[in-house]
Amino acid sequence: MISKEDADTLKQLSAEEGLKFISSKFSDGVVFSTSLGQEDQVITDIIFKNQLPIKVFTLDTGRLFYEHYDLLSQNNSRYKIKTEVYFPEASDVEKYVNEKGINAFYHSVENRKECCFIRKVKPLNRALENAKIWITGLRSEQSENRENMPIIEWDEDRKLYKYNPLIHWTYQDVLDYLEQNKVQELSLHKKGFISVGCQPCTRAIEEGENPRAGRWSWESSQKECGLHTH
């Protein structure tokens, strides 16, 4: 149980201090989902460097960039701790592809959200079973949907707390941490891919564009896959 006092304490702590506080308060049931993006590499580095008792996992949607697998391998080698990988159910993917088409997500927002649900949301829900605290790399400036997210919140749908240690970090804060701590990152970032999702659903952004503009760029939507919406 996270009390009001705990929540107030977390607001005053740095990301590293907050992760240590959370992992000491809950001896088990603390998990971190990484997409291998820049923010998540910061959190991964903090967790593994400090040997915190936090399970780190990622979702392999089956449509990722090769660079994701390369970085995952590099992480496993650097930290000597393996990140757990969750996959979508093969029967769900087969049914979707055979009924709607391999790239049906381009045809409608509904099709795209269904694809995200199969490849991301359902595997995430499996990964979060029995979890008490779900740590994410969300930042408030990433999108309008995230502007008012608190540092810790109760996720009623999943019946757990969601902790966002970088919620008030700027993008420059993230870049500074990566550089100062020599943390490896996706080579795609240097090619204009800032917010990186599945390969067919992500493009490089132009100078001045919002980082999320590269996600599902053919859509007029909130640019969310369903992992962080209720």
Side-chain angles (χ1 to χ4, degrees), residues 29 31-37 39-41 44 55-77 81-131 134-138 142-143 145-146 155-160 162 186-189 191 193-205 211-230:
V31 302
F32 168 53
S33 57
T34 174
S35 66
L36 300 168
E39 291 84 1
D40 292 345
Q41 283 297 98
T44 296
K55 183 179 90 169
V56 179
F57 70 88
T58 191
L59 307 177
D60 184 348
T61 65
R63 301 298 298 265
L64 299 179
F65 288 85
Y66 167 78
E67 286 84 351
H68 282 105
Y69 303 106
D70 193 34
L71 181 57
L72 180 59
S73 178
Q74 290 176 44
N75 280 352
N76 290 342
S77 296
I81 305 171
K82 286 189 176 180
T83 297
E84 293 190 36
V85 183
Y86 287 80
F87 297 86
E89 296 289 346
S91 58
D92 289 343
V93 176
E94 288 173 359
K95 184 174 186 293
Y96 179 88
V97 169
N98 288 325
E99 290 183 359
K100 299 194 172 184
I102 190 69
N103 290 330
F105 42 80
Y106 289 131
H107 302 156
S108 71
V109 174
E110 291 71 28
N111 281 357
R112 195 271 295 166
K113 288 185 176 180
E114 182 180 355
C115 187
C116 288
F117 181 78
I118 290 169
R119 295 181 184 272
K120 292 184 176 184
V121 178
K122 285 187 70 176
L124 174 74
N125 289 341
R126 281 193 289 114
L128 292 178
E129 287 178 4
N130 302 316
W134 171 26
I135 299 164
T136 85
L138 298 180
Q142 287 172 327
S143 69
N145 187 54
R146 300 173 181 183
D155 186 327
E156 180 61 30
D157 293 339
R158 298 185 174 97
K159 307 299 182 187
L160 48 65
K162 188 173 174 183
L186 287 170
S187 57
L188 290 166
H189 295 313
K191 301 175 183 178
F193 293 83
I194 306 303
S195 176
V196 187
C198 291
Q199 187 276 332
C201 296
T202 309
R203 67 161 173 81
I205 63 170
R212 299 288 288 182
R215 304 289 293 276
W216 312 294
S217 57
W218 64 92
E219 283 186 15
S220 295
S221 70
Q222 285 192 318
K223 306 293 185 180
E224 295 287 352
C225 61
L227 297 182
H228 302 293
T229 53
H230 302 302

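Note: hydrogens, waters and symmetry copies are ignored here, and every other heavy atom, side chains too, is used.
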Write down the atom of [X], the atom of [Y], and the distance for their closest heavy-atom approach.
{"X": "Leu124", "Y": "Leu59", "value": "N-CD2, 3.9 Å"}
{"X": "Tyr96", "Y": "Asn111", "value": "OH-O, 2.9 Å"}
{"X": "Gly197", "Y": "His68", "value": "O-CE1, 3.5 Å"}
{"X": "Glu39", "Y": "Gly137", "value": "CB-O, 3.4 Å"}
{"X": "Leu71", "Y": "Leu36", "value": "CD2-O, 3.4 Å"}
{"X": "Ser35", "Y": "Asp40", "value": "N-OD2, 2.7 Å"}

Mind checking the [atom1]-[atom2] spacing from [X] to [Y]? Nearest 0.5 Å is all I need.
{"X": "Phe193", "Y": "Arg203", "atom1": "CZ", "atom2": "CZ", "value": "9.5 Å"}
{"X": "Ser195", "Y": "Leu188", "atom1": "OG", "atom2": "CG", "value": "11.5 Å"}
{"X": "Glu114", "Y": "Ser108", "atom1": "CD", "atom2": "OG", "value": "8.5 Å"}
{"X": "Arg215", "Y": "Ile194", "atom1": "CZ", "atom2": "CD1", "value": "12.0 Å"}
{"X": "Thr58", "Y": "Tyr86", "atom1": "OG1", "atom2": "OH", "value": "11.5 Å"}

Trace of the side chain to side chain contact (heavy atoms under 4.5 Å, CB included) decision for Glu67 with Lys191: CA-CA 12 Å; Glu67 286 84 351; Lys191 301 175 183 178; 4.3 Å; yes
Going by heavy atoms in the side chains, are [X] and [Y] under 4.5 Å from each other?
{"X": "Pro88", "Y": "Lys122", "answer": "no"}
{"X": "Lys120", "Y": "Asn125", "answer": "no"}
{"X": "Lys113", "Y": "Glu219", "answer": "no"}
{"X": "Arg63", "Y": "Ile102", "answer": "yes"}
{"X": "Lys162", "Y": "Leu138", "answer": "yes"}
{"X": "Ile81", "Y": "Asn76", "answer": "no"}
{"X": "Val93", "Y": "Ile118", "answer": "yes"}
{"X": "Arg112", "Y": "Cys116", "answer": "yes"}

Check: Phe57 ring centre within less than 6.0 Å of Phe32 ring centre: no
Chi angles and distances behind the side chain to side chain contact (heavy atoms under 4.5 Å, CB included) call for Thr34, Val56: CA-CA 7 Å; Thr34 174; Val56 179; 3.9 Å; yes
Aromatic plane relationship, Trp218 with Phe105 - under 30° parallel, 30 to 60° tilted, over 60° perpendicular: tilted
Worked check of side chain to side chain contact (heavy atoms under 4.5 Å, CB included) between Val196 and Phe65: CA-CA 9 Å; Val196 187; Phe65 288 85; 3.7 Å; yes
Tyr69/Asp60 under side chain to side chain contact (heavy atoms under 4.5 Å, CB included): CA gap, chis, key distance, verdict: CA-CA 9 Å; Tyr69 303 106; Asp60 184 348; 2.8 Å; yes
Lys55, NZ: over 12 other non-hydrogen atoms inside 6.0 angstrom: yes
Charged N-O contact under 4.0 Å between Glu89 and Arg126: yes
Donor + acceptor pair across side chains of Asp70, Gln74 (<3.5 Å): yes
Donor-acceptor contact below 3.5 Å, side chain Ser77 vs main chain Ser73: yes
